[in-house]
Amino acid sequence: MDYLEGLNEPQRQAVIFTDGPLMIIAGAGSGKTRVLTYRIAHLIYHGVDPYNILALTFTNKAANEMRERIEKVIGEDAKNIWMGTFHSIFAKILRIEGDKIGYTRDFSIYDTEDSKSLIKSIVKELNLDDKLYKASTVYSRISGAKNRLVSYREYNSNPIYRADDESYQRPEIGRIYQIYQERLFKANAMDFDDLLFNTNVLFRDHLDVLNKYQHKFKYVMVDEFQDTNISQYLITRKLASVYQNIAVVGDDAQSIYAFRGADIQNILNFERDYPTLKTIRLEQNYRSTKTIVQAANSVISKNQAQLKKNVWTSNESGDLIELVKATSDAEEGRMIAQSIFEDKMQFKYKNADFAILYRTNAQSRSFEEALRRMGIRYQVVGGLSFYQRREIKDLIAYLRFAINHNDEEAFKRIINLPKRGIGDTTIAKIVVIANEHKVSIWDVLSGSMKYIGGRAAIALDNFSMLIKTFEIAAKQKNAYDAALEIAKNSGLLKELYEDKSIEGLARYENVQELLNAIKEFVDNPENEDKTLGAFLQEVSLLTTLDETAEEGEDVKDAVTLMTIHSAKGLEFKNVFVVGMEEDLFPSQMMIGSRSELEEERRLFYVAITRAEKKLTLSYASSRYRFGRIKDCEPSRFLDEIDPRCVKQKNASIKNSFGVGEELGLKNLIKTNHTTQQTVAKKQTYKPSPDFKPSDTTYLAAGMKVEHLKFGYGLVLEVQGEEKDRKARINFEEAGEKLLLLSFAKLKVHD
DNA sequence: TCCGCGCGTATTTTT
DNA sequence: TACGCGCGGA
């Protein structure tokens, strides 16, 4: 059993303790994946049928990686392990067993966009105020309920929920929830949360089914246990209740998905539910330098809610953490890019040894620009997924509708695409009629003469005939041939082809790329089922993170840019955690309560612990956000790091003069904050009530800011020694340009 | 029904 | 900024 060699004692324990409940508390960098991999290999090596193993991971990527690693140890058998995300595994089971709860195997999976769109239509139909009942608010409320296994019936019968909603002036959420659920069901569709919720229902109401899977999954493993919600926890508990061979691996310090219903409470419940539980702590960090581990520990120790553990390392001390202060987001980008460039030169690093981590996707821009300018290759992970692009969603909607004629959201997307002269009025009418007559959308469509009549009926009739041919294609042909036929005959491909704009060209190529992906799916010998339905199943649960994993063939040497959330589970030699500013990180929306702040702190902990050798933290003293410049304070998290781990590196310019104060411009920009909207609209500057003439600011050396105009940029008309001088300052680069101005000033004095 | 314009407003993380 | 929505004209 050579795979046991090289493991430390707790790791070895975690691998060989196979029978009975086990909880592995795995600190960052403690070799968790290795342990999980060997554990599964160990089971199979000792005669356990891979088919009896269920391994639940957080991302598809994690599952695939683990499968590959297990394959290296035990070979082909690894293919038969049931390994995947909660959502994909239970979607698979629901495909098989869904008929018992009223779904067919072709049910659609609504993504968040579909769900919100459905909520939007319901709010409209109920004539509710869509400002009050914003789709995102309603969605998160419903989602939260489902993750706690609260059905709409309970929601509506329990006065607590209603009282809560009423306190926010939204008493109708329960009603929307009910209609939303009914509409999903009618559409033969489930949203993400339903995949878990309905699995719970299935196992609760159909003991024979539960029994079948309880006996099938003799060994259950859950990775990233700290990120599971109640709904997921209950599923695993049920599944493991016969054999009790359940092993969970997690780190409470890395729980960063509470916003999605993840509950650290699960760890505590786990101890309560399994009195014979064995707990193993993996505390030795193999990844990072002493400095980084120490910094991470010092930060996380500020949290009250945590399990005690002592992460340590025998690695070398390594470099101090560098703290970079920049004056603007643009400068931050340049400084980081410069730093990467220098480190590459000095230490012969590859691009791929660097990662830039940020709190929000929108922050990637300044780094992209700076890296591009320096000719450093980079890849941005996350953001808008390929499968979320409009044209891709459009074609997929056609494919979905060909298979599931009741898919309301797919229907709404494609019915008038390309234009068929069927407008919003008709679409709304169809939906309303379907609901009033208690028939499906498809019934209304195919019987349009009866239900609608008139001119629209002809168009609808043609459409339903078209869909029927697609249905036949989907049934008789393989996924690729069917998709190609649909893309062509729907007119979608033609319309995109005729759009010769740059975006249009890109969209056409994207659709081609989707078709290629379907072709690959069909050609892949590992896929037995080559139907369109099978492809859609694969695709509906893919995320942005999975895409980069699949592009593995042409791995380019690139700096990685991504959010901290996406970085979980990854490691890089050099990590930059950027935008370390109060309100940005921790995010201003998150610091309402202690627990929210603590989640942000865990996020910071995750960021720090991605680094192996060198960690750099940066922040800007002013930042361009949402079309305006904002003064920024350094993040409180910076003060929480053990000061012995940090050394400062200032922007060279920033030292000489503070942008705002020195030039008096801070006031002006601040004043402008209060009148932002007006300014943007009228394109002229309107002083706010507290803007007194005395606020007119002297730049220096007789340059007087006489007049301010805000439009696309900030226009300063400067009067003084150089009477006619005007400086046009683009908002985006204001920080930088203002500095240039002050340089100019100095030169005058010379 | 469709299209374009202008306005207002939202800004987190992802299965 | 950038996106979505509503309104008005064709």
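These numbers were taken from a predicted model, which means no experiment stands behind them. Just so it is clear: chains get the letters A, B, ... in the order the sequence lines come, proteins before strands, and each one is counted from 1.
- One atom, CG of D194(A), and another, C1' of dT15(B), lie 13 Å apart when rounded to the nearest Å.
- Taking side-chain N and O atoms only, S566(A) has a distance below 4.0 Å to OP1 or OP2 of dT14(B).
- Using a 4.0 Å heavy-atom cutoff across all strands shown, F86(A) reaches no nucleic acid atom at all.
- Ring geometry for Y103(A) against F107(A) counts as perpendicular: the plane angle is over 60°, on a 0 to 90° scale with 30° as the lower cut.
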task: Please lay out, stage by stage, how K32(A) and E224(A) fare under the test salt bridge (charged side-chain N to carboxylate O under 4.0 Å, His left out).
output: CA-CA 10 Å; K32(A) 179 193 72 171; E224(A) 306 282 11; 3.3 Å; yes
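- Following rounding to the nearest Å, Q388(A) (CD) and dC3(C) (P) show an atom-to-atom distance of 14 Å.
- Using a 5.5 Å limit on the distance between ring centres and a 30° limit on the angle between planes, the aromatic ring of F259(A) does not count as stacked on the six-membered base ring of dT12(B).
- A side-chain donor from one of N266(A) and T228(A) sits under 3.5 Å from a side-chain acceptor of the other.
- A salt bridge is absent between K124(A) and D130(A); no separation between the charged side-chain nitrogens and carboxylate oxygens falls under 4.0 Å.
- Considering every non-hydrogen atom in both D227(A) and S255(A), the closest pair reads OD1-CA, 3.6 Å.
- Counting non-hydrogen atoms under 4.0 angstrom, K120(A) reaches the backbone sugars and phosphates but no base.
- Using a 4.0 Å heavy-atom criterion, one finds that D193(A) contacts no nucleic acid atom at all.
- Around atom CZ of R390(A), no more than 12 heavy atoms belonging to other residues, nucleotides or ligands sit under 6.0 Å away.
- Along DNA chain B, the nucleotide nearest N361(A) and the nucleotide nearest K134(A) are compared for position; the residue whose nucleotide lies closer to the 5' end is K134(A).
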Are there any protein N/O atoms within less than 3.5 Å of an N/O atom in nucleotides 6-10 of chain C, and if so, which ones and at what distance?
none

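- Rounding to whole angstrom units, CG of residue D223(A) and P of dT15(B) are separated by 14 Å.
- Annotation: dC5(C) and dT12(B) have their C1' atoms spaced 24 Å apart (nearest Å).
- Residue T112(A) is in base contact, counting any heavy-atom pair closer than 4.0 Å across all strands shown.
- Here dG4(C) presents its C1' atom at 13 Å from CZ of R390(A), a figure rounded to the nearest Å.
- In this entry the distance linking CD1 of I89(A) with C1' of dT15(B) reads 14 Å, nearest Å.
- Between the CG atom of D583(A) and the C1' atom of dT11(B) there is a distance of 13 Å, rounded to whole Å.
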field: Residue pair Y257(A), F58(A): steps toward the ring-ring contact (aromatic ring centres under 6.0 Å, His included) verdict
entry: CA-CA 11 Å; Y257(A) 284 97; F58(A) 198 68; 4.8 Å; yes
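- Each of F585(A), Y605(A), Y619(A) was evaluated against F637(A); a single residue qualifies, F585(A), per the ring pair (Phe, Tyr, Trp, His ring centres under 6.0 Å) test.
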Give me the distances for all protein-to-nucleotides 2-6 of chain B N/O pairs that come in under 3.5 Å?
from	atom 1	to	atom 2	distance (Å)
dC2(B)	OP1	N416(A)	ND2	3.2
dC2(B)	OP1	G421(A)	N	3.3
dC2(B)	OP2	N416(A)	ND2	3.0

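- Nucleotides dG4(C) and dT13(B), compared at atom P, are 16 Å apart to the nearest Å.
- Place S587(A) and S88(A) on DNA chain B by their nearest nucleotides, and S587(A) ends up nearer the 5' end.
- One cannot find a donor-acceptor pair under 3.5 Å joining the base of dT13(B) and the side-chain atoms of R260(A).
- Residue K146(A) contributes atom NZ, which lies 21 Å from atom P of dT14(B) at whole-angstrom precision.
- Closest to the side chain of T426(A), from the set dT1(B), dT12(B), dT14(B), is dT1(B).
- A donor-acceptor pair under 3.5 Å is absent between the side-chain atoms of N303(A) and the main chain of R601(A), judged by distance alone.
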query: Given E598(A) and R594(A), is the salt bridge (charged side-chain N to carboxylate O under 4.0 Å, His left out) satisfied, shown in steps?
result: CA-CA 6 Å; E598(A) 295 204 343; R594(A) 196 201 79 205; 3.4 Å; yes
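- In this structure, the CG atom of L541(A) is 12 Å from the C1' atom of dT14(B), given to the nearest Å.
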